[in-house]
Amino acid sequence: MSEAMETMPPVPDLLGVAQARARVIARGRTLAVERVPLAAALGRSLAVDVTAPFDVPGYANSAMDGFALRGAELPQDGERRFVLAGTRLAGDSRRAAIGPGECLRVTTGAPLPDGADTVVIKENVRLDADTVVVAAGEKAGANTRAAGEDYARGELALRAGQCLTPARLGTLASFGHTEVEVHRQPRAVLLTTGDEVVAPGEPLGYGQIYNSNRDSLSALLRAAGVTVLRHEHLRDDPAALRAALRRAAAEADLIVSSGGVSAGEADFLPRLLAEIGTVDFWKVRMKPGMPLLFGAIDAALLFALPGNPVSSIATFEVFVRPLLEVWAGRDPDARPRWYARLAVPLHKTHRRAEFQRARRECRDDGTLWVTPFGRQGSGVLRSVAEADCLVVLGEEPAELAAGAVVEILTLD
Ligand code: AMP
Ligand code: MG
């Protein structure tokens with residue numbers, strides 16, 4: 001117990017959220033680049049700009065099943081007959097051409113025959129032996145796709161830093177790529193602490209709680225594209241914590257811990273980080289999550305998040321996520337901001353930034369509304385479990401009327 005009696009590192013004046021966030025962002029560097037198959041690239045961050053290597057589509061083609069013809073020959077009134085000169089289904093590699101007064105049967109995706117610039121859909125024509133009867137009302141140029149109208153050769157198609165969504169993987173495949181250059185995924189070790197904390201599946205004794213942070217933080221990390229190397233649960237014992245931090249720093253880019261970071265008798269992390277690494281900041285003027293600790297051990301960055309489940313999730317959203325954005329080659333400040341109107345009045349008396357758990361709702365007049373939950377205690381996991389966003393309140397005390405516009409951080 002003697003180690004526990006030693007003094008804590010001095011707490012400098014508490015940082016505001018924006019200052020603390022800027023310090024986190026300043027510590028991030030874009031992670032190295034690797035090539036992965038498209039099938040393994042979903043959700044990864046593109047490391048390079050991608051330009052179209054050729055026109056997509058590569059040739060003018062039909063956008064519908066119908067008859068390709070010359071638009072200038074369409075009737076202005078009444079009907080006109082076109083001689084059916086043949087058929088080209090998509091995939092037929094023979095070139096075709098039509099002469100004056102002719103048409104060609106085509107399916108969606110089939111190249112337009114030379115001489116044609118228009119497709120009349122099959123539902124709008126009448127077949128009469130080997131002629132096709134077209135009535136007035138059709139538009140010249142309709143139902144065709146020009147070469148390069150999707151992506152023109154040399155055109156910037158995707159930008160470095162973009163997240164590879166299913167559609168963007170499709171774009172890469174349409175260029176014939178089988179692999180893509182992405183930023184390597186950060187590797188994290190997750191540590192949870194607390195003598196009272198027991199793994200789900202174990203019997204629960206008096207005074208004990210189940211470890212909920214292990215699953216929620218691990219899921220947050222993995223959903224954000226982090227490889228979670230492993231999780232360790234640690235007792236509130238400085239020697240065990242010190243050894244675990246050193247082990248984690250040897251393998252991980254990122255160490256995320258929960259608990260043991262306040263000023264209680266069993267809160268060893270601030271002192272341990274000062275001893276074996278560097279403390280960048282400890283404590284932020286925010287609610288929930290004030291005792292957040294950030295620093296480094298060797299090359300690994302460490303976020304020691306508060307143990308309260310709500311605080312750990314909120315501090316993850318506000319501080320860990322921006323670092324992950326930097327590592328993925330993105331500007332965290334370019335992330336789109338969301339605003340909504342308060343559905344209920346809010347009364348804020350303290351001088352810390354606050355992140356209230358809330359639900360948003362889009363009304364049928366196109367406005368977004370947000371309802372913070374009544375119970376905002378930092379131990380109330382239900383408030384985050386039922387939330388889909390956090391309402392961001394600045395440091396100043398405020399009387400906010402219903403309808404006031406506030407910033408929100410989406411959680412989904
Ligand atoms: P601490 O930050 O260690 O003082 O913990 C603050 C609160 O969070 C206490 O009520 C702890 O019991 C609780 N807590 C700490 N770690 C966890 C965890 N992994 N899962 C659920 N609750 C936790
Ligand atoms: Mg604890």
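Start at 1 and go down the list; that is how both ligands and their atoms are numbered.
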Just distances here: any N/O of [X] and N/O of ligand 1 closer than 3.5 Å?
| X | result |
| --- | --- |
| R214 | no |
| G307 | yes |
| V197 | no |
| T192 | no |
| N308 | yes |

[atom]: the protein heavy-atom neighbour that sits closest, reported with distance to 0.1 Å:
| atom | answer |
| --- | --- |
| atom 4 (O) of ligand 1 | D267 OD1, 4.0 Å |
| atom 18 (C) of ligand 1 | N213 ND2, 3.2 Å |
| atom 19 (N) of ligand 1 | N211 OD1, 2.8 Å |
| atom 20 (N) of ligand 1 | S212 N, 3.1 Å |

SB check [X] [Y] (cutoff 4.0 Å):
| X | Y | value |
| --- | --- | --- |
| E149 | R145 | no |
| D237 | R235 | no |
| R230 | E251 | yes |
| R363 | E361 | yes |
| K348 | E396 | no |
| D388 | R360 | yes |
| R184 | E34 | no |

Atom indices of ligand 1, in the order listed, that fall short of 4.0 Å to a heavy atom of [X]:
| X | result |
| --- | --- |
| G260 | 1 (P), 2 (O), 3 (O) |
| E196 | 11 (C), 12 (O) |
| Y210 | 20 (N), 21 (C) |
| T193 | 16 (N) |

Original post:
Between F175 and F54, how do the two ring planes meet: parallel, tilted or perpendicular, split at 30° and 60°?
Top reply: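 Because their plane-to-plane angle is over 60°, the rings of F175 and F54 count as perpendicular.
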
Original post:
Judged by modelled atom types alone, do S45 and H183 share a side-chain donor-acceptor pair under 3.5 Å?
Top reply: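 Distance-only check fails for S45 and H183.
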
Original post:
How does A266 reach ligand 1, if at all, at less than 4.0 Å between non-hydrogen atoms: by side chain, backbone, both, or neither?
Top reply: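 No part of A266 comes within reach of ligand 1.
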
**OP:** Report the part of I209 in contact with ligand 1, treating N, CA, C, O as backbone and CB onward as side chain, heavy atoms under 4.0 Å; options are side chain, backbone, both, neither.
**Re:**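 For I209, only side-chain atoms sit under 4.0 Å from ligand 1.
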
Original post:
Do side-chain atoms of N61 reach the backbone of P111 as a donor and acceptor pair under 3.5 angstrom?
Top reply: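 Here the side-chain-to-backbone pair does not exist.
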
